[in-house]
K.L.:
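Quick one: the structure is below, and I'll ask about it shortly.
Remember, predicted model here, so these are calculated numbers, not experimental data. Lettering of chains follows the sequences in order, A, B, ..., and the numbering in each one begins at 1.
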There are 2 protein chains.
Amino acid sequence: MKRDSRLSSVLHALLHMAEQEGPVTSDALAQCLGTNPVVVRRTMAYLREAGIVTSDRGHAGGWRFHADLGSVTLRQLHEALGEPAMFAIGNRNEAPECLVEQAVNAALEDTFAEAEALLLKRFSEITLADLAADFARRHAAVRRKRS
Amino acid sequence: MKRDSRLSSVLHALLHMAEQEGPVTSDALAQCLGTNPVVVRRTMAYLREAGIVTSDRGHAGGWRFHADLGSVTLRQLHEALGEPAMFAIGNRNEAPECLVEQAVNAALEDTFAEAEALLLKRFSEITLADLAADFARRHAAVRRKRS
DNA sequence: CTATATGTAACATCATTAGTTACATGAAAC
DNA sequence: GTTTCATGTAACTAATGATGTTACATATAG
């Protein structure tokens, strides 16, 4: 099962955009992410629809992020991406008549619902600013090691 | 993305087996699960390799579960199935050079690791006996409603 | 020997993200 | 106003992994 890496992608892209003055093109982001500009446009389009970024065409166009890094949480980004399924494991049959299967489903659903609630809570606690700060720490550490 | 429903399947199968005297054939289980006997064999083979069930060929053959329902946890079954990936969301690149991506990965990995720990903890707390008890409650409730 | 069961290989199916090609559209620069 | 550079988007392919199916080998009870 292929894993959905769009959240990872947009985080990476947004942090690179934050490092830059002015707009960043899909081509530049694609290079950062090691992918294709069309994939970038497709993925970033979710964020544009959610009002998190804007895009401009033509000369000096590209993607822009206006808001404060501290004001955007992973949860908002997850929602902007359409709240894709978190889990790769699920019930065999979502609405079974069989009472045995109903009992099985209920147990798994409860468990996964609890885990999803935890994930969403953590997502709502982490902002882009937190990731940027972690990046800055890593950057400083590398520079220390080099000198 | 198609979800892995093997855990759900084996739970369903094991509880049906517990309801029965003697071995249960793959055909019978396939009927319960609404699938194909080959799929049943393939999936149950994991449990056989883990020593949770046995299978016999030929006349009066089929699948058997010997142990106590209270002695088998969802976690054991998950492990028997090869500990398949729990999450449908993941990092774009598992070993990036880019420090930005490393920071992104670290945040997501921590969060998902915490959720996975919670899931495994819950899985280790739930036994087949718990599911059987829940089934019995549902069964009794239906009988009450019918009468 | 026959009927019945599992064991297993081989291949098709399905769903979904990701990757690619191609082209339309819009905006700034000259 | 033409050129250049950017996004927007459709259409198709690739990759992945569970699931479904067919076919046949193998073992076992009677």
K.L.:
Ignoring hydrogens and geometry, is there a side-chain-to-backbone donor-acceptor pair from A/Asn105 to A/Asn93 under 3.5 Å?
P.N.:
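A pair under 3.5 Å: yes.
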K.L.:
Using a heavy-atom distance cut-off of less than 4.0 Å, which residues of residues 40-48 of chain B contact DNA chain C?
P.N.:
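Nucleic-acid contacts, sorted: B/Arg41, B/Arg42, B/Arg48.
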K.L.:
Tell me the interatomic distance from B/Asn93, atom CG, to C/dG19, atom P, rounded to whole angstroms.
P.N.:
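Atom-to-atom, B/Asn93 to C/dG19, this comes out as 11 Å.
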K.L.:
Share the residues that join A/Leu118 in a hydrophobic cluster, the rule being Ile, Leu, Val, Met, Phe, Trp or Tyr side chains under 4.5 Å apart at the heavy-atom level.
P.N.:
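Result for A/Leu118 is B/Leu118.
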K.L.:
Quick one: does A/Gln76's side chain have a donor or acceptor within less than 3.5 Å of a partner on A/Thr73's backbone?
P.N.:
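Checking the backbone N and O of A/Thr73 against the side chain of A/Gln76, a donor-acceptor pair under 3.5 Å is found.
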K.L.:
Which donor-acceptor pairs under 3.5 Å do side chains of residues 127-135 of chain B form with protein atoms, sequence neighbours excluded?
P.N.:
residue, atom, partner, partner atom, Å
B/Thr127, OG1, B/Ala129, N, 3.2
B/Thr127, OG1, B/Asp130, N, 3.3
B/Thr127, OG1, B/Asp130, OD2, 3.3
B/Asp130, OD2, B/Thr127, N, 2.8
B/Asp134, OD2, B/Arg138, NE, 3.2
B/Asp134, OD2, B/Arg138, NH2, 3.3

K.L.:
Mind calculating the distance between CG (B/Leu81) and C1' (D/dT19) to the nearest angstrom?
P.N.:
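Distance, rounded to whole Å: 14 Å.
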K.L.:
Starting at atom CG of B/Leu7, determine the distance to atom P of D/dA18, rounded to an integer number of angstrom.
P.N.:
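Result: 14 Å.
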K.L.:
Would you kindly give the CG-to-P distance between B/Leu33 and D/dT19, to the nearest whole Å?
P.N.:
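Spelled out: CG on B/Leu33 to P on D/dT19 is 11 Å.
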K.L.:
For A/Glu19, which residues count as a side chain to side chain donor-acceptor pair (under 3.5 Å) partner, sequence neighbours excluded?
P.N.:
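Side chain to side chain donor-acceptor pair (under 3.5 Å) check on A/Glu19 returns nothing, list empty.
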K.L.:
Backbone N or O of B/Val40 within a donor-acceptor pair of the B/Ser26 side chain at under 3.5 Å?
P.N.:
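Checked: no pair found.
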K.L.:
Go through residues 50-66 of chain B and report each residue with a non-hydrogen atom lying under 4.0 Å from DNA chain C, sorted by number.
P.N.:
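Within this stretch, B/Ser55, B/Asp56, B/Arg57, B/Gly58, B/His59, B/Gly62, B/Trp63 sit under 4.0 Å of the strand.
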K.L.:
Hey, mind stepping through B/Leu77 and B/Leu14 against side-chain contact (heavy atoms from CB on, under 4.5 Å) and telling me if it holds?
P.N.:
CA-CA 11 Å; B/Leu77 296 172; B/Leu14 287 169; 3.8 Å; yes
K.L.:
Would you tabulate the side-chain donor-acceptor contacts of residues 43-51 of chain A under 3.5 Å, counting partners in other chains and residues two or more places apart, or write 'none'?
P.N.:
residue, atom, partner, partner atom, Å
A/Thr43, OG1, A/Val39, O, 2.8
A/Tyr46, OH, A/Arg6, NH1, 3.2
A/Arg48, NH1, A/Ser55, OG, 3.2

K.L.:
Whole angstroms only, please: what is the CG-C1' distance between B/Asn91 and C/dT17?
P.N.:
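The distance from CG of B/Asn91 to C1' of C/dT17 comes to 15 Å, rounded to the nearest Å.
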K.L.:
How would you list, by chain and number, every residue that makes a side chain to side chain donor-acceptor pair (under 3.5 Å) with B/His78, sequence neighbours excluded?
P.N.:
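Per chain and number, B/His78 pairs via side chain to side chain donor-acceptor pair (under 3.5 Å) with no residue.
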K.L.:
Ignoring backbone atoms, establish whether A/Arg6 has a side-chain N or O less than 4.0 Å from OP1 or OP2 of C/dT17.
P.N.:
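Result: yes.
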K.L.:
Once side chain to side chain donor-acceptor pair (under 3.5 Å) is applied, do any residues pair with A/Glu109, and if so which ones, sequence neighbours excluded?
P.N.:
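Side chain to side chain donor-acceptor pair (under 3.5 Å) check on A/Glu109 returns A/Asn91.
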K.L.:
Expressed in angstrom and rounded to an integer, what is the separation of A/Met17 atom CE from D/dT7 atom P?
P.N.:
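Atom-to-atom, A/Met17 to D/dT7, this comes out as 11 Å.
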K.L.:
Any donor and acceptor pair, going by atom type alone, linking the side chain of A/Thr25 with main-chain N or O of A/Ala28 inside 3.5 Å?
P.N.:
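Yes; judged by distance alone, with no hydrogens or angles, the pair exists.
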K.L.:
Could you check A/Val38 against A/Ser9 and say which one's nearest nucleotide on DNA chain C is further toward the 5' end?
P.N.:
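Nearest-nucleotide comparison on DNA chain C picks A/Ser9.
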K.L.:
Starting from C1' on D/dG8, measure out to CD on A/Glu49 and report it in whole angstrom.
P.N.:
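After rounding, the reported distance stands at 11 Å.
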K.L.:
Among residues at least two apart in sequence or on other chains, which ones pass side chain to side chain donor-acceptor pair (under 3.5 Å) with A/Arg75?
P.N.:
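A/Arg75 satisfies side chain to side chain donor-acceptor pair (under 3.5 Å) with A/Glu79 only.
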K.L.:
For residues 15-43 of chain B, which residue pairs qualify under ring pair (Phe, Tyr, Trp, His ring centres under 6.0 Å), counting only residues two or more places apart or in two chains?
P.N.:
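Ring pair (Phe, Tyr, Trp, His ring centres under 6.0 Å) check on residues 15-43 of chain B returns B/His12-B/His16.
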K.L.:
In dot-bracket notation, what is the pairing pattern of DNA chain D, taking Watson-Crick (N1-N3 plus N6-O4 or O6-N4) and G-U wobble (N1-O2 and O6-N3) contacts under 3.5 Å, with [ ] crossing and | for other strands?
P.N.:
||||||||||||||||||||||||||||||
K.L.:
Looking at DNA chain C, which of residues 19-29 of chain A put a heavy atom within less than 4.0 Å of it?
P.N.:
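None - not one residue of the stretch has a heavy atom sitting under 4.0 Å from the strand.
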K.L.:
Hydrophobic cluster membership, with links at side-chain heavy-atom distances under 4.5 Å among I/L/V/M/F/W/Y: are B/Val38 and B/Val53 in one?
P.N.:
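No, B/Val38 does not connect to B/Val53 through the hydrophobic network.
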